[in-house]
Every structure is written in C-alpha cells, then in structure tokens.
Protein chains: 2
Amino acid sequence: MTIAQVSRQYGISADTLRYYERAGLIPPVGRGAGGIRDYREEDLRWVEFIQCMRSAGMPVETLARYVELVRQGEKTAQKRKSLLVEQRDKLVIQIQRLNEALEKLNGKIMRYDQQLLNTEKKLNGETD
Amino acid sequence: MTIAQVSRQYGISADTLRYYERAGLIPPVGRGAGGIRDYREEDLRWVEFIQCMRSAGMPVETLARYVELVRQGEKTAQKRKSLLVEQRDKLVIQIQRLNEALEKLNGKIMRYDQQLLNTEKKLNGETD
DNA sequence: CCTTGACTTGGAGCTAACTCCAGGTGTTAT
DNA sequence: ATAACACCTGGAGTTAGCTCCAAGTCAAGG
C-alpha cells in the first residue's frame, strides 16, 4: 500500500504519516523500488493505533517511547505495560475533565433555553 | 483579590491569568491603586469557567469569541447559545474518542498482563 | 527521449498556548 | 529615603505538532 492510499484510508495527510515515521511513532516502513514506502498489514495496525492515541491527545513523544520499547523486544514488556497504565490513568482523568466541562456547558445551555423562552413570552405578551 | 491569590487558588500562573485577560478570555478585571488588578467574585467565576473549558481543550479563540458576545449584551443570547451548543457537540465527540482510546489501552494492558503471567509461569516451570 | 506525476529527503515555516523577560511603578519596612 | 517586593506593560521566546517546500528520483505514456 502506498502512502497516498494509507492517507486516504485513514484521513491522515502523507506529510503527517512521514512525520510520524520520522518521529518514531511508527516503526520504519519497508521500501519498494526507488525507496518508496510500502505499508504492510502490520504497519497499518500501527497507523490505526497511533491515530487513535493521538486523537485522544497522547503526546507524540510518549508514543515514540512506546514504539522504541517494542523495538527493543520482549524484555521490555514490563516497562511497556507500566507506560500504558500511566497513560490510561491520565486518560481517565482527562475524560473526567471533559465530562465536567460537558456538564457545565449543558447547564449554561439550559439556562439560555430558559431565558430565550422568557424573552419570547414577553414579546408575545404572555399569550401562551 | 490580587492576581497572586487567584493564581494560588486556581493553580493558574499569574502570567497565564494576564494572558487570558489580554486574549479576551476574561473580561477586563478592575484595577485598584497603581493599576493593580483586583479580582471580584464575578471575575473569579469567569476564571473558573475558563479553567474548566480550557482543561477540556476548548480553544482560546472560541472562548474569547464567547466573552465578546457576552460583552455585547443581551441581544447576542441566541448566538451565544449556538456557540455553546456547537462546543458541546465537539466535546461529546472528543469524549467518544477518549473512550475509544481508553478501551484500546485497556485491551493492550490486559494482553500484557496475560503475557507477563505466562512468562512468569514458564520461569517457575509451571509449578502453580 | 522527454514529460508527467507520484514519490523521496532534509529542512524551513506555521499556529496555539503559553512562558519569560526587561524596564517601570507603587507600597511597605528599616 | 532607600531597599525589597509585588505588581504592571509590551513584546520576545518556547514547545508541540504538524504543514509546506525545494530539489531530486523513478516509472510510465506519448
């Protein structure tokens, strides 16, 4: 699979895909004739994983550290797990924050609904 | 209340508080003798709101637009509401994304647990 | 053979959101 | 009155995460 196809499939620009690889978020993708990237099934699973984690705000640097550990082999399993656990904990906290903001927003929106309703009533001379 | 006190109370640096004000995220705070900021109850509620929204990732520019609408008075109520609704919708989507990432992380972590357990068993010669 | 088009690299440029700094002012303690 | 301190402003600097660009390579079509 070429970089253009991967880009279309996942909605990630080719520039970003190359950037991710340079930054070590995706292990080096194999090259075909003329040094052209050929994404294999395994690469696509990395792309998916990275896309998911990035869209949740996980830092590039952290993901690069994880990939590096994977590349170092089996012996780093323990470290990798604790890295993931750490990130999960952060994610849980962040979800809490978003939910708090959501509640606050909902409260405000409800108050606007109420207020706008009243304004309308006033304009209608309270006829309904 | 001085900027230092607000900073301590909310865990936001004085620099950031001033930046927020300059950027229009907080309506201009009243000044006492020598042009020193004196945060009133109303200002603190703004700080709280902004802190909550920013920690949920709402852009500074969007918040500034909201504040501007509030400053323009009652007639912008409709616009303000739709701005908030828009942001809420984005927030809901973002929460979904975080939850997807959370699930993926949990899956990976469980697999590591399993794998690490097996490794241990092998080392123990399957004695337990 | 020459052009077109998709790819390559290394590096520069951009935006958001702070964060820091220099130079200045006003209040307070010695 | 002079030093220390907390504050002020305008502006420069920093970081993360892309995003764009120039110059070059290669395969395919006319």
Side-chain angles (χ1 to χ4, degrees), chain A residues 1-40 43 46-47 49-68 87 90-91 94 97-98 101, chain B residues 1-40 43 46-47 49-68 87 90-91 94 97-98 101:
Chain A
M1 219 178 183
T2 72
I3 199 167
Q5 290 169 323
V6 177
S7 170
R8 247 168 279 136
Q9 175 152 347
Y10 291 96
I12 304 174
S13 80
D15 267 319
T16 299
L17 285 168
R18 279 189 284 256
Y19 162 69
Y20 282 170
E21 194 180 331
R22 260 197 268 187
L25 269 80
I26 295 167
V29 175
R31 310 305 166 101
I36 288 180
R37 286 174 182 77
D38 178 26
Y39 288 80
R40 312 274 286 275
D43 299 317
W46 271 111
V47 170
F49 175 64
I50 291 309
Q51 161 153 265
C52 180
M53 294 305 136
R54 283 297 304 126
S55 82
M58 191 174 303
V60 164
E61 194 234 325
T62 306
L63 288 166
R65 250 189 302 136
Y66 179 71
V67 174
E68 178 56 23
Q87 294 307 309
K90 284 186 182 165
L91 207 43
Q94 188 57 16
R97 286 210 199 91
L98 296 211
Chain B
M1 219 180 183
T2 72
I3 200 169
Q5 290 169 323
V6 178
S7 170
R8 246 168 279 135
Q9 175 154 347
Y10 292 96
I12 303 174
S13 79
D15 268 317
T16 298
L17 285 168
R18 280 189 285 254
Y19 162 68
Y20 282 168
E21 195 180 331
R22 261 197 267 187
L25 270 78
I26 296 168
V29 175
R31 311 303 167 103
I36 287 179
R37 285 173 183 78
D38 179 25
Y39 288 79
R40 312 273 286 274
D43 300 316
W46 271 111
V47 170
F49 175 65
I50 290 309
Q51 160 151 269
C52 181
M53 295 304 136
R54 283 295 306 124
S55 82
M58 190 174 303
V60 163
E61 195 236 325
T62 307
L63 289 165
R65 249 189 302 137
Y66 179 71
V67 173
E68 178 55 23
Q87 294 308 308
K90 284 186 184 167
L91 207 44
Q94 188 58 14
R97 286 209 201 93
L98 296 210

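Convention: sequence-line order gives letters A, B, ...; per-chain numbering from 1.
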- Task: Rounded to the nearest angstrom, tell me the gap between atom CE in Met58(A) and atom P in dG17(D).
- Result: 12 Å
- Query: To the side chain of Tyr19(B), which of dT9(D), dC7(C), dA17(C) is closest?
  - Reply: dA17(C)
- For dA16(C), take OP1 and OP2 only and decide whether either is under 4.0 Å from a side-chain N or O of Arg54(B). no
- Query: Between dT8(C) atom C1' and Arg37(A) atom CZ, what is the distance in whole Å?
  - Reply: 7 Å
- Item | Of the listed nucleotides dC7(C), dT9(C), dA17(C), the one nearest the side chain of Thr2(A) | dC7(C)
- Pick base, sugar-phosphate or nothing for Ala4(A), based on heavy-atom distances below 4.0 Å to the nucleic acid. sugar-phosphate
- Item | Footprint string (nucleotides 21-30 of chain C, 5' to 3'): B base within contact, S backbone only, - free, heavy atoms under 4.0 Å | -----SS---
- Query: Is it true that a side-chain atom of Asp38(B) and a backbone atom of Met1(B) form a donor plus acceptor pair closer than 3.5 Å?
  - Reply: yes
- Task: Send over the distance from Glu61(B) CD to dT15(C) P, rounded to a whole Å.
- Result: 13 Å
- Task: Give a yes/no on whether any side-chain N or O of Ser13(A) is located under 4.0 angstrom from OP1 or OP2 of dC18(D).
- Result: no
- Test salt bridge (charged side-chain N to carboxylate O under 4.0 Å, His left out) applied to Arg40(A) - qualifying residues, sequence neighbours left out: none
- Task: Write down the distance between CD1 (Ile12(B)) and P (dA17(C)), rounded to a whole number of angstrom.
- Result: 15 Å
- Message: In whole Å, I'd like the distance from the CZ atom of Arg31(B) to the P atom of dA6(D).
- Response: 19 Å
Review item, side-chain donor-acceptor pairs of residues 7-14 of chain A, under 3.5 Å, at least two apart:
unit_1   : atom_1 : unit_2   : atom_2 : d
Ser7(A)  : OG     : Ile12(A) : O      : 2.7
Tyr10(A) : OH     : Glu48(A) : OE1    : 3.1
Ser13(A) : OG     : Thr16(A) : N      : 3.0
Ser13(A) : OG     : Thr16(A) : OG1    : 2.9

- Who pairs with Arg97(B) by side chain to side chain donor-acceptor pair (under 3.5 Å), at least two apart in sequence or on another chain? Gln94(B)
- Query: Tell me: CD of Glu21(B) to P of dG10(D), nearest whole Å?
  - Reply: 11 Å
- Message: Please pick, from dC18(D), dC18(C), dC7(D), the nucleotide with the shortest atom-to-atom distance to any side-chain atom of Val60(B).
- Response: dC18(C)
- Task: For Glu68(A), check side-chain contact (heavy atoms from CB on, under 4.5 Å) against everything at least two apart and list the hits.
- Result: Arg71(A), Gln72(A)
- Message: Please evaluate residues Tyr39(A) and Trp46(A) with respect to the criterion side chain to side chain contact (heavy atoms under 4.5 Å, CB included), reporting the C-alpha separation (whole Å), side-chain torsions for both, the decisive distance (0.1 Å), and the verdict.
- Response: CA-CA 10 Å; Tyr39(A) 288 80; Trp46(A) 271 111; over 6 Å; no
For a quick test of your reading: what N or O donor-acceptor pairs under 3.5 Å do the side chains of residues 17-29 of chain B make, sequence neighbours left out?
unit_1   : atom_1 : unit_2   : atom_2 : d
Glu21(B) : OE1    : Arg37(B) : NE     : 2.6
Glu21(B) : OE2    : Val29(B) : N      : 3.2
Glu21(B) : OE2    : Arg31(B) : NH2    : 2.7

- Check whether any side-chain N or O of Thr16(A) sits under 4.0 Å from OP1 or OP2 of dG17(D), and answer yes or no. no
- Query: Can you tell me how far P of dT9(C) sits from CG of Leu17(A), to the nearest Å?
  - Reply: 13 Å
- Using a cut-off of strictly less than 4.0 Å, decide whether Tyr20(B) has a side-chain nitrogen or oxygen near OP1 or OP2 of dC18(C). yes
